[in-house]
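Atom set for the values below is all heavy atoms of this structure, side chains included, hydrogens, waters and symmetry mates excluded.
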2 protein chains.
Amino acid sequence: MSERVTLLTLARDLGVSRATVSNAYNRPDQLSADLRDRILARADQLGFAGPDPRARGLRSGRTGAVGVLIDQGLSYAFSDPTAVLYLDGLASELQSDGLGLLLHAGTGSKTDAELVRAAAVDAWVIRSLPDDEPAVAAALAQQRPMVVLDQPELPGVPLVGIDDADGAVAATQLLLDLGHRDIAVLAMPLRPDGFQGLVDAVRERYATYSVMRTRLCAVEQTLSAAGVDWGAVPVVECAVNDMDTGALGAYELLDRTPAPTAIIALSDQLALGALRAAHEMGVCVPGACSVVGFDDAPGVSTALPPLTTVAQPLRERGQVAGEIVRALLRGESVATPPRLPVSLVVRDSTGPPPR
Amino acid sequence: MSERVTLLTLARDLGVSRATVSNAYNRPDQLSADLRDRILARADQLGFAGPDPRARGLRSGRTGAVGVLIDQGLSYAFSDPTAVLYLDGLASELQSDGLGLLLHAGTGSKTDAELVRAAAVDAWVIRSLPDDEPAVAAALAQQRPMVVLDQPELPGVPLVGIDDADGAVAATQLLLDLGHRDIAVLAMPLRPDGFQGLVDAVRERYATYSVMRTRLCAVEQTLSAAGVDWGAVPVVECAVNDMDTGALGAYELLDRTPAPTAIIALSDQLALGALRAAHEMGVCVPGACSVVGFDDAPGVSTALPPLTTVAQPLRERGQVAGEIVRALLRGESVATPPRLPVSLVVRDSTGPPPR
DNA sequence: TTGGGTGTCTGAATCGATCTAGTAATAGAC
DNA sequence: GTCTATTACTAGATCGATTCAGACACCCAA
């Protein structure tokens, strides 16, 4: 039997103490350079790859990994450009501290919570999950440093958000100012239950994705203030936040009589889907129907037509989350920073309604 | 001082043994349902989030995480569509086994190797790294299950690859068959040293990215066999595998006299860059210059013009890697599967040379 | 009555490191 | 020649679980 090589093996072999071997790896200043070289050389010979990370983790309480909890499976995160940008920002910030990203998905099932419970991480970053996601509760229970992006709002946990209401108001007001009254809304999931279709007031109010609640509410208030009857405004929820599903939702909206003269899409992926649906149905954008998106994701400026949208700093928000994590891990206490401002970028997908 | 709650705390509190509490979490069949409920309930009251993953990891040797080592920083991986697809496939496969992905980047520095050494993972998946990357050596030293995508080739480690030579030959032969003789090559990095520009034979031969070596070699042989003097074929290496850098490289190629009538880009990102450069320089594709890519990444079929390229199963390869990891973790031994076939997809970016 | 089987629960060893407090030896200051 | 600093190293407790070999009680069959 070939025994596993540990610090102790090495220590015995060299006639020094375990602590000294440990120090050779972790505190080079605690022993003579000569001995250190000897230890490292012998370690190499014996095929010792350095102190076992698991044991080190237990003893020192640090694993060098930050858990990242995202919505709807990893596949989704990798295919959503906004998620990728955010991960990019986060990663670049954490990398400089030698922290890795441990990706986990929250899909609403109990097993996700199990995975979270079993994950050895130093901190959690949570992005855009429903209020009642069990995996979030599991992460919270670990009492480790934590940061949330977008949602859910958790008491005592710093949240890196944008001014969702502002953005939704700006988009809506733009359409109102252009003269639109027959406005429709294309929403991201309100609950992670795979529902697709027209949304009623109850579902709207009890959406578990708080960002959607906020944005929808802002749209409602802006329209109501302008005298548009919210009850008559069709809101279609898309089961998945991607182009294909967005197109599906847009078909439903554009098929209605009277057809809307403008669609507010609450994400750019949905907006891109709406552009495609309109194109396929022969509906001219913005001639027959205006489309406004949300996020200013990469690629929307070169869509056909270039998309009017609410721009938010995606990558930068990932970085901010990373900075906060680092600060928390240093033991500093961090308050929720003010929500980052958004700005309406008017391109060519919006115009006055047809007369 | 509020003591940390551990299995022992809980055991004492309830007057049972530590083993029983552990079993309550890990082997429900080992104790009465009644006692188990009592334990779990009390755990909840005391704010015990379940057995500490670090300690569990040490004792049982499993952490539930697979380390993923990628090239050039996480940011790059997230912005390269082929890398995203591969991660997507890998993640979907591992998720079903409850495994998370721990992402680390290899950037050639010693500190990366340190990070790898300190990472508590059950297995490593390595994608597209140079032959001499220190982080790879560090991962190898841990003697854990391991899988490589594309490169480097490591003895005894299963590699999930494609038939690179075949693909390069097919692309080259297409151009030859169309009548091209003035062919130029746009290459991905040959070494991770940030070099950009014309490559000489020595650099070509000693490329540390073995996939590039293989593809270039296949192009060379195909051209030589057709009587084209390889020494006169300009090969421009791009420091980064992205559109912008590809455009930069293409500028250099298209500026030469005589200008090439065809460019073989060894990745689609570079090919897209070449398309852009050609467009900006007023060079008509494929009228004045044909462009062929490699990968069939998402989006290239809708490029202007749609790109002729060598298609490979990107997402699927990630899944295959995932399957192999799972098998290895189950203790099975896995041989390197045969390289997956590629296929030339002819679209509109290639045509006969101008006369 | 005995023996075996089953269902519950316990004791103690173990995983492989980190880290604090402390020893021993040497150097330098006065 | 004594006293303090500094350097180089060690002993042993500790992190928080998992796990295996029993112990104990109880029931049923022979």
If the test is side chain to side chain contact (heavy atoms under 4.5 Å, CB included), which one of A/Val68, A/Val116, A/Val147 qualifies with A/Trp124? A/Val116
5' to 3', nucleotides 17-23 of chain C under a 4.0 Å protein heavy-atom cut-off (B base, S sugar-phosphate only, - none) gives BBB----
When you measure from the side chain of [X] to the backbone N and O of [Y], does any donor-acceptor pair fall under 3.5 Å?
X: A/Gln142; Y: A/Arg144; answer: no
X: B/Arg62; Y: B/Asp122; answer: no
X: B/Arg317; Y: B/Tyr86; answer: no

Whole Å only: how far is the [atom1] atom of [X] from the [atom2] atom of [N]?
X: B/Ile39; N: C/dT8; atom1: CD1; atom2: C1'; value: 11 Å
X: A/Leu31; N: C/dA24; atom1: CG; atom2: P; value: 20 Å
X: A/Leu14; N: D/dT10; atom1: CG; atom2: P; value: 10 Å
X: B/Arg36; N: C/dG7; atom1: CZ; atom2: P; value: 17 Å

Residues 33-40 of chain B side chain polar contacts: donor-acceptor under 3.5 Å, at least two apart:
| residue | atom | partner | partner atom | Å |
| --- | --- | --- | --- | --- |
| B/Arg36 | NE | B/Ala24 | O | 2.7 |
| B/Arg36 | NH2 | B/Ala24 | O | 3.3 |

If I compare all heavy atoms of A/Leu129 with all of A/Gly106, which pair ends up nearest, and what's the gap?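 Taking every non-hydrogen atom into account, CD2-O, 4.1 Å.
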side-chain N/O [X] vs [N] OP1/OP2, d < 4.0 Å:
X: B/Thr20; N: C/dT10; answer: yes
X: A/Arg54; N: C/dC15; answer: no
X: B/Ser32; N: C/dC9; answer: yes

How do B/Gln30 and B/Leu58 order along DNA chain C: which one's closest nucleotide is nearer the 5' end?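 Checking each residue's closest nucleotide, the 5'-ward one belongs to B/Gln30.
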